[in-house]
Amino acid sequence: MTSPGTVRVIVIVNQPQQICQSPTENNLDTLNYLKQLTLPFLLIALDHTDGLKNGVGEARFKGADYAIESFDLSEQDLVVSLDADCTVHKDYFSALFKLYALPYAGFTLGFEHRSYDGILPKPMIIYELYLRYMKWGLSKARSPFDYYTIGSCLGTSVYYYKLSGGFPKKTGTEDFHFLNKLRKLGPIQHVPKTLVYPSSRISNRVHLGTGYFLGQYHNDQDLGITIPSCSDFGILGQVLKKLDDYYDHPSEVERWLRLHFEVFFFKSQVFSKISTVAQHSKTRESYQKKLLQVFDGFQTLRLLKYLAMKNSRSLESLIKEVGHALET
């Protein structure tokens with residue numbers, strides 16, 4: 001997207017390499033349909049029916065790279081990601097243009113998973129609540145990585161896209177890893193108004209995410225995901241505060257971490273990386289920026305999973321704990 005209002009939509013029609021040696025009938029129909037459309041903006045359909053090795057991550061990468069290489073874009077122009085089975089709010093484009101030239105490394109958009117015939121399946125309700133709960137907990141812990149990681153609801157500028165190295169060519173979690181890279185370069189802005197409506201479809205394409213959860217959900221006692229408690233987020237907040245203080249009080253913080261997190265920080269070499277960063281930082285501000293590189297979004301989720309498995313709670317007790325936290 002470019003200022004003052006140019007929209008270019010690039011559709012990557014693709015399939016996995018292993019599916020077959022020729023394009024599927026569905027993809028051929030899609031390509032023919034797209035070629036016949038008359039739209040008020042430029043739509044380009046890229047034919048990758050020869051197969052992509054690395055799935056949706058590679059598809060996003062190819063689409064963004066094509067846009068940057070093919071058009072005369074400024075560094076402030078936007079690169080925005082959207083899944084093919086999403087619908088959007090009527091103000092989608094106008095809302096995106098308001099983000100033009102904002103001083104952020106990236107942004108995420110509001111979302112609501114789409115219902116069918118006015119009904120949202122219970123597993124989908126649980127999963128969306130889980131997504132919102134995770135962001136809420138990360139914000140309460142004052143984590144710098146407190147954003148939604150949904151591939152259909154994110155974007156960045158051409159400048160930061162290039163600086164980050166672009167979308168990882170991964171079969172899944174490319175949205176998480178891309179935002180993780182962007183956050184190390186600067187803040188992620190969230191636009192809370194609901195603008196994007198992802199599909200609630202079941203999928204076994206990857207072993208994670210919305211579609212996979214819907215297929216794996218059995219009942220409220222077997223959700224298929226590990227959920228941190230409010231107490232776990234509280235502990236994360238303590239850890240982040242200690243790591244922030246490490247530059248000024250290294251011995252004190254190391255003793256505390258060894259006492260409470262010997263396995264997580266020392267047997268996994270996480271602490272040695274933090275120590276190295278502190279030793280090579282001339283100022284506290286420099287240390288804080290470098291700390292994002294080693295204790296990033298991935299390590300944050302690792303710690304939360306470690307805490308959740310160590311302090312396992314039932315869904316019922318988690319709901320009560322969250323209710324109490326919201327009341328206070």
Side-chain angles (χ1 to χ4, degrees), residues 80-81 95 99 102-113 126-157 160 164 168 173-196 198 208-210 213 225-246 261 264-265 270 274 285 287-308 311 318-319 321-326 328:
V80 187
S81 176
L99 297 174
L102 287 180
Y104 302 103
F107 57 86
T108 59
L109 302 175
F111 67 93
E112 285 183 7
H113 283 86
I126 293 174
Y127 189 73
E128 184 160 318
L129 287 173
Y130 163 74
L131 294 175
R132 300 185 187 284
Y133 168 66
M134 288 295 292
K135 185 184 184 305
W136 173 81
L138 289 167
S139 298
K140 293 285 284 185
R142 298 190 176 183
S143 168
F145 299 91
D146 62 337
Y147 43 74
Y148 295 111
T149 56
I150 301 178
S152 55
C153 311
L154 62 87
T156 185
S157 66
Y160 278 107
S164 70
T173 69
E174 81 292 337
D175 42 11
F176 171 84
H177 289 286
F178 180 56
L179 285 168
N180 194 38
K181 292 196 295 181
L182 288 177
R183 182 59 189 90
K184 296 174 184 180
L185 301 173
I188 304 293
Q189 164 79 341
H190 182 61
V191 183
K193 183 179 178 181
T194 301
L195 297 171
V196 178
L208 49 108
T210 307
F213 173 78
I225 52 177
T226 303
I227 305 179
S229 68
C230 294
S231 301
D232 296 331
F233 284 114
I235 295 171
L236 171 64
Q238 295 177 40
V239 170
L240 293 175
K241 180 63 171 62
K242 290 292 184 181
L243 294 181
D244 191 56
D245 291 341
Y246 179 71
F261 298 98
F264 183 87
F265 277 100
V270 175
I274 295 172
E285 290 72 22
Y287 163 74
Q288 289 174 323
K289 290 181 180 179
K290 292 178 181 178
L291 182 61
L292 293 177
Q293 304 295 324
V294 293
F295 196 82
D296 59 3
F298 177 69
Q299 294 297 343
T300 299
L301 292 188
R302 279 192 65 242
L303 178 57
L304 284 172
K305 185 175 182 179
Y306 168 81
L307 292 170
N311 308 313
L318 280 171
I319 291 173
E321 190 176 353
V322 172
H324 177 71
L326 292 174
T328 55

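Values below: all heavy atoms of this structure, side chains included; hydrogens, waters and symmetry mates excluded.
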For a 4.5 angstrom cut-off between non-hydrogen side-chain atoms, does [X] reach [Y]?
X	Y	value
L138	T300	yes
F178	T156	yes
V270	V294	no
F264	L303	yes
L99	V191	yes
I188	F107	no
V196	E112	no
D296	K184	yes

Mind running side chain to side chain contact (heavy atoms under 4.5 Å, CB included) on L131 and M134 for me, showing each step along the way?
-> CA-CA 5 Å; L131 294 175; M134 288 295 292; 6.0 Å; no
Taking the six-membered ring of F111 as reference, does the NZ or CZ atom of R132 fall below 6.0 Å from its centre and within a 45° cone about the axis?
-> yes
Relative to Y148, does K135 satisfy both conditions: NZ or CZ under 6.0 angstrom from the six-membered ring centre, and within 45 degrees of the ring's axis?
-> yes
How are the rings of Y130 and Y127 set to each other: parallel, tilted or perpendicular (split at 30° and 60°)?
-> tilted
Gap separating the [atom1] atom of [X] from the [atom2] atom of [Y], nearest 0.5 angstrom:
X	Y	atom1	atom2	result
Q299	L292	CD	CG	13.0 Å
L182	S157	CG	OG	8.5 Å
K289	L185	NZ	CG	11.5 Å
T108	H190	OG1	NE2	5.0 Å
L154	L109	CG	CG	8.0 Å

Residues C153 and P198: closest non-hydrogen pair is SG-CG, 4.5 Å
Please report the closest heavy-atom contact between D244 and Q288, naming both atoms and the distance.
-> OD1-NE2, 2.7 Å
Is there a side chain to side chain contact (heavy atoms under 4.5 Å, CB included) between F298 and F176 once you walk through the steps?
-> CA-CA 9 Å; F298 177 69; F176 171 84; 4.2 Å; yes
Does the ring-ring contact (aromatic ring centres under 6.0 Å, His included) test come out yes or no for Y133 and F233, once each step is laid out?
-> CA-CA 11 Å; Y133 168 66; F233 284 114; 5.5 Å; yes
Residue pair L240, F295: steps toward the side chain to side chain contact (heavy atoms under 4.5 Å, CB included) verdict | CA-CA 9 Å; L240 293 175; F295 196 82; 3.8 Å; yes
Step by step, would you call L236 with L304 a side chain to side chain contact (heavy atoms under 4.5 Å, CB included)?
-> CA-CA 7 Å; L236 171 64; L304 284 172; 4.0 Å; yes
Determine whether the aromatic ring centres of Y306 and F265 lie less than 6.0 Å apart.
-> no
Without swapping roles, check the side chain of [X] against the backbone of [Y] for a donor-acceptor pair under 3.5 Å.
X	Y	value
S81	G151	yes
R183	G297	no
D232	S229	yes

Would you check if there is a donor-acceptor pair between the side chains of D146 and S143 at a distance under 3.5 Å?
-> no
